[in-house]
*Asks:* 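There's a structure below that I have some questions on.
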Amino acid sequence: MSVIVVAVASESGVPIFSRKRGSNENIQFSTIASLHGINMFTKCHNLSLINTHLDNGTIIWKEYCKSITLIGIATGGLQCDLENLLACIHDVMIFCIGKKELENLKNVDQIKRDLRQCYPILDYLLESLDPNSLPQSTIILDYIQSLLCPQAQQLQEVLDNYAQTVTGRWACLSIHGHLVATSSDFFELDAREAKLLLLLAAAQDGAPLRETLVYLPQMSPNVAFRAVTCKLLADVYVLVICGATPPLSEIDEIVLRCWEGYAQIIKEAKLTYPRNFPTSFTFDPALLGVLVINVAKRRCVFSRHLHGSNQKSRSMSNAHRIDILRTFFVTSVKDLVPEFNSNESEETDACQSILSETFWCSEYHKCHMQRSGNILCCGLYAPTVPTHTMRLMTSTLLQDLLSNKDIYW
Amino acid sequence: MNTFKNKINYESPCDSDNDWTNSSDDSKYSESESSSVPDWDSDIAEDGELIYIKSKSNDDNSEISKAPLLENCETFKLRNDFKRSSTRRSKGKIFRVLKSRKIRNKNAGNEKKNDIGDNNKFIIVQVSKNMIFSSEKNCQIEKLFGISLETHADGKTLVVSDFLPEAKAIYTSKVKTGYYLQKINGIDVTSHNINNVLQRVKEDVDNPKLLFQAVTQGFNIDIEKLLLSKNAQENSLTQLLRDSMCSILYVCGNDVDYQSNDDNVLYCYPRPFNQNFLYNTRGAYLTLNHLAPKSLGTSEPVLSSVLHKNILINIAYASHYSDLLLVALPNSAIDVFAAKRVITDIIRLLEFLYGSLKICFTKPNNVDKLDSLFSRIFIILLMGNKDSSKVNNYIYTEAHAVSLPLDVKIQVDDAITELEAADYREWTDNVENFQRLYTVIGSCLYYSGHLLSSHLQDEDLKEINAYLKLNGIMKLSSEKELGKLVMWKEVFINESRKQNKNDGNEYRIPDGRWFILIVGKGHFILATLMEAGGCTEDAIGVIPPSAFYVEECESCLELLFEVGLDKYLPSWFASNTQPQVEICPENLTKQGKRNREVGSSKLDIKNSFKTKNMEIKRRNNSTELKTGSADNIHSQSLYGQWYNTQKYRHSSLDVTYSEDSGSLKSNSEISEDRVIGRRADREQMNRRDSSGSDSDWDKQDCSRSSNIEISDIRKSLLDGLNNHITVHRLTAGDENVLFHFMNLESEKGILIAPVNNIGEQANSLLYSYIVQTFKKSFKKIHDLLQHNVRFKKSQIPSNNLNKILVAVKEYGMLFDVPQDVLVQCGISKKNCGPFQFWVVGRVFSEPEPRELYVCYHESIPQDLTDIAYLLSYLE
């Protein structure tokens, strides 16, 4: 499997960056030129290449801002998400250098240099298409990886307070790269923006306090904000988007003031990882892994440590479990849920079907998805579980999720 | 004399057949010849190929063609006696039936729709008098009919521009905006006389009948003409193809081989070159085709989607050594899924016809032929889109087979086998001096686009199927009743193409030539593959069809008519029994169930007409078929009342004694008779001129009574149908919850599914919604399961495969029917919870890959392995 993404300046054909993941060799300059040439040539003939299917992959050209063409090539993985990946990568570029800069593209070399800072984020994004590795920060491209804990409500108040003091609006707390709690306005941000913020924190691993100039691709693509990431404890970050003031040194003090008293709560919340669900919430022993998605808030929670600590002996490797559920979600669930792909209303019209459940049976596992309202629940089961039992268990799980008091999105 | 001899060469034993009835002298050839020149003789092309079509010149043709599968036996009989009045009578009947039915369906129902004459051109809608639509504009037309009209650009024709909301339900399925309103109560209407006509309508007591003309986007092309025309197509057609972005291009990768123009394009259609977008942008696809495997390390491209002039176009690639074949089709007609299938079929077809792609496009003087072939292919593909919903279009390349009852199957097979056996001794005594022209290597029989039987190798069947499908013969035969169709063509069978590579094989097929002979009559198409080589006479030069073999095929079809298969099949297709699918999904709602309970507990006719009728249909197809004529929906409801009072109680019995041995007995009788019937003619001839041959078969002399026999046989076959139907069910549980299924055996090239017109039989919005969703999901599931199939086939764990997807063998989806669809179907919200149905696909990899897709109601869980098992018993 491999994913390659190449960015080329549309007019000049100068390659801006190329990132890859997987077994493929690095793409040569001449190949990039040819690929770009194909696109340019068809454009001259009033024809735009949308995508090309390979035997087990896809090639996509996509032009953004009329200045940059992204070329994506994916094979053997989750190529169905490639288009989405390019859109996300475009967002990353705006996030880092702003839309204006990208549109003008005056100094390509400068932009090349500027974009270098977002390579780590790009690499995190590429992970999401690779089924063979254990994804760290991106299980599903445009979903915010989260952690559900009972403390979230309490933490929200603190975050609100903190955001207010630094004259920002949007703040959130992340533990191990998972979104734990947000300020009450946080969901004004587009899910992709929120996601990029979390990835930014992950990319700046280790720095105790840092400010970065960011452009919000949806909210303000042309005016930069200041993203301040602050490390509270090991693997615990608080992020806030605010204006130019107050200066970093002041923020340092504010953080201390705001968060001093809540170390204990954060520590408690941290215990939820890696199970990612409140301890009061129990799972059926037959369940091997679970992926829960909040459609409205674009958050996803994955857990494979469902039954305490003594479950190492299971046959299926842990990484594999994420992988199965993710593949299941991306290939079979995502495009059947209308909210997930509102942009392409190609053949929807009259015959839009409403999917409420779906399942896979493979030789080594079974997956089942059920949806109720905004909550979508994918369960991973052993192949021995009968299909109807599986349905029953997922639906019980879904009911529990909806009724559990400790779950706070 | 010399020319004469030549003729004898290909003029087959049949002529000698006639001949030795007169004398044994060779010089008499000329006479017999003149008397037996077949009517297609003059149509033979220079290269020996033949396409001859004669449609049935029958006044009632339109009606038959309307729904061949629902052909009513009763009307059929009547028609034979007095043509005109009978149709009218049956029409009236249907009207009445529809009327009463609709009233039952909806309490306030007062509209009747009729699709008589719906042969894609004219639609009749009957609007009730007592319905008055509220028109804001106080316009008469809107008030009376609930439609608003506008005048066509020509200033005369009236065009439907909109429907009032209340009237929408009446028209939507049949009439669309843009259709022309042609007649009201049989009177031609134009913008000039419309007011007068409306006035008359108001005074008239009867319900007005509106006749609409369907306007198909600019084209209404006769497949027949397309098949027959040998020359380049007329301009309008080429323009049409150009506008709809259909295109084909063959580019040679090797400059040295051919220096045609300045570039390497060996073939391009439609022309001129510079107006063909595919030609203009070919560089992109060529580069991509080279680049992908070489520089990117991926596989070759399969398909590109491009946007040109706001039309989404799918361009499929097929590499052939260093050459590249490109086929472009608009996404609106052929989506990505279908386009991949279309190109495999096109390649199959071209290889079948020419041996290889290269030969196909480099053969001298072949351009005109290719032009007409591709224009045909494109038109067929575009038209397929027109009359059915998009999701149906080309989703499988396999031949759609129907399972027949064993005894019928035996008869069909028997008839074909006899043709294939081509037993010499029946034709001539002079066996020694006589060498056959061809060996029949196999044949397959289609009825209305459904495969009844195939005695071909899998690959050959796939190729012939592609040939019939892409040339529109399949469509032609299912839409029209053919008077006579004869096609003859030299082909290159799969085996011979492959053979060259591994020579020295002990079981080599002879170096010979192969021909396909397609003979059609009624809705039957019989395709026969013949071999000249080995034990037959050598085929040298141009080989025109042999009258004898054509006659043999014709008589084979004739035989099927004699046994009444032409009447049996429509009712069999309409019987929905093997296996039965639930075509009234409404029955499975709470409301439907309750109504049925009420209905079955006491035979109260008045309360629940609708549900009861449906229930009977559902449970007791056997009963229904017993009447022999109740083979379409309309007549079912016609007899509905009758069932309720009399027949219903017998239903359980029917099912039980359906498997009795009586039927078996009659089978054996039939087959015996049948053989006699056919042989008898020959024997009769034999005896007349026989020089005292006392062979065995002469003794069993039934020939004189053969006519009577035949009618008896027909009767017995039809009787057999009536007594002998077992309703097979695939799903578990008390009720039949199966809506649709597809069993795909891609290796064999066979698909088993309910007959094509099952949707029409069902005539239910909910059902068609379900089937549409099923077909859409089918594509998704199929694509996913291909990972598994491909992996199993190659057995090499490739790096490029997604290891998770490869293991998936079953994939299911549960769908909710949207509330508005339910409401439109008259299912009230109160009475039914969510209506949910599963679409599940599973691949069985042993012994060869086979995929099963089923669509069933959620109420009863099903096991696909069980269903597959049951289904395999029906085959």
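What you see is a predicted model, and the numbers here were worked out from it, not measured in a lab. Each chain gets a letter, A, B and so on, in the order its sequence line appears, and its residues count up from 1.
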*Asks:* Is it the side chain or the backbone of Q786(B) that comes within 4.5 Å of chain A heavy atoms, both, or neither?
*Replies:* neither
*Asks:* Quick one: of V306(B), I313(B), V336(B), who has the most non-hydrogen atom pairs under 4.5 Å with chain A?
*Replies:*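 Most pairs with chain A among the choices: V306(B).
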*Asks:* Within the 4.5 Å heavy-atom criterion, are R391(A) and L814(B) side-chain neighbours or not?
*Replies:* yes
*Asks:* Out of curiosity, H45(A) NE2 to N280(B) CG, how far, rounded to the nearest 0.5 Å?
*Replies:* 5.0 Å
*Asks:* Look at N51(A), I27(A), I4(A), T42(A) and state which one has the largest set of heavy-atom pairs under 4.5 Å with chain B.
*Replies:* N51(A)
*Asks:* S295(B) and Q28(A): side-chain donor and acceptor closer than 3.5 Å?
*Replies:*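 No pair is found: no donor N or O on one side chain lies under 3.5 Å from an acceptor on the other.
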*Asks:* At a 4.5 Å cut-off on heavy atoms, which part of S332(A) comes close to chain B: side chain, backbone, both, or neither?
*Replies:*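 Both parts, heavy atoms under 4.5 Å.
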*Asks:* For each of M813(B), E300(B), K309(B), tally heavy-atom pairs with chain A at distances under 4.5 Å, and name the one with the top tally.
*Replies:* M813(B)
*Asks:* Do the side chains of W838(B) and T358(A) get nearer than 4.5 Å, heavy atoms only?
*Replies:*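 No - every pair of side-chain heavy atoms lies 4.5 Å or more apart.
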*Asks:* With heavy-atom distances below 4.5 Å as the criterion, would you say the side chains of T331(A) and Y811(B) are in contact?
*Replies:*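 When only atoms from C-beta onward are counted, Y811(B) and T331(A) do not touch, as no gap falls below 4.5 Å.
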*Asks:* For E11(A), is the CD atom crowded, meaning more than 12 foreign heavy atoms sit under 6.0 Å from it?
*Replies:* no
*Asks:* Would you say K294(B) and T31(A) make side-chain contact, with heavy atoms under 4.5 Å?
*Replies:* no
*Asks:* Give, as side chain, backbone, both or neither, the part of F41(A) having an atom under 4.5 angstrom from any heavy atom of chain B.
*Replies:* side chain
*Asks:* Tell me, for L784(B) versus chain A, whether the close heavy atoms (under 4.5 Å) come from the side chain, the backbone, both or neither.
*Replies:* side chain
*Asks:* Is there a donor-acceptor contact under 3.5 Å from the side chain of T287(B) to the main chain of I38(A)?
*Replies:*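 Such a contact is absent between T287(B) side chain and I38(A) backbone.
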*Asks:* Quick one: closest heavy-atom pair of S356(A) and D816(B), and the distance?
*Replies:* CB-OD2, 3.7 Å
*Asks:* Name the region of L291(B), side chain, backbone, both or neither, that has any atom closer than 4.5 Å to a heavy atom of chain A.
*Replies:*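 L291(B) touches chain A through side-chain heavy atoms alone.
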*Asks:* Quick check for you: among H388(A), E357(A), H368(A), M369(A), which has the greatest number of heavy-atom pairs under 4.5 Å with chain B?
*Replies:*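 Answer, by heavy-atom pair count under 4.5 Å with chain B: E357(A).
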*Asks:* Of the backbone (N, CA, C, O) and the side chain (C-beta and beyond), which part of K809(B) lies under 4.5 Å from a heavy atom of chain A, both, or neither?
*Replies:*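 Interface part for K809(B): both.
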*Asks:* Does some side-chain heavy atom of H53(A) sit less than 4.5 Å from a side-chain heavy atom of K340(B)?
*Replies:* yes
*Asks:* Do F359(A) and V840(B) make a side-chain contact, defined as non-hydrogen atoms from C-beta onward lying under 4.5 Å apart?
*Replies:*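 Yes, close enough: below the 4.5 Å cut-off.
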*Asks:* Between A284(B), G283(B), G812(B), which shows the greatest number of heavy-atom pairs under 4.5 Å with chain A?
*Replies:* G812(B)
*Asks:* Need one label for L49(A): side chain, backbone, both or neither, based on atoms under 4.5 Å from any heavy atom in chain B.
*Replies:* both
*Asks:* Decide yes or no on side chain to side chain contact (heavy atoms under 4.5 Å, CB included) for D55(A) and R790(B), but give the supporting numbers first.
*Replies:* CA-CA 11 Å; D55(A) 220 10; R790(B) 247 188 287 161; 4.0 Å; yes
*Asks:* I'd like to verify something: which residue of I59(A), N46(A), I50(A), L47(A) has the highest number of heavy-atom pairs under 4.5 Å with chain B?
*Replies:* L47(A)
*Asks:* Can you tell me how far apart SG (C361(A)) and CZ (R842(B)) are? Round to the nearest 0.5 Å.
*Replies:*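 The CZ atom of R842(B) is 6.5 Å from SG of C361(A), to the nearest 0.5 Å.
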*Asks:* Given a strict heavy-atom distance threshold of 4.5 Å, which part of V839(B) is in contact with chain A: side chain, backbone, both, or neither?
*Replies:* neither
*Asks:* What part of N788(B) lies closer than 4.5 angstrom to a heavy atom of chain A: side chain, backbone, both or neither?
*Replies:*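 The side chain, not the backbone.
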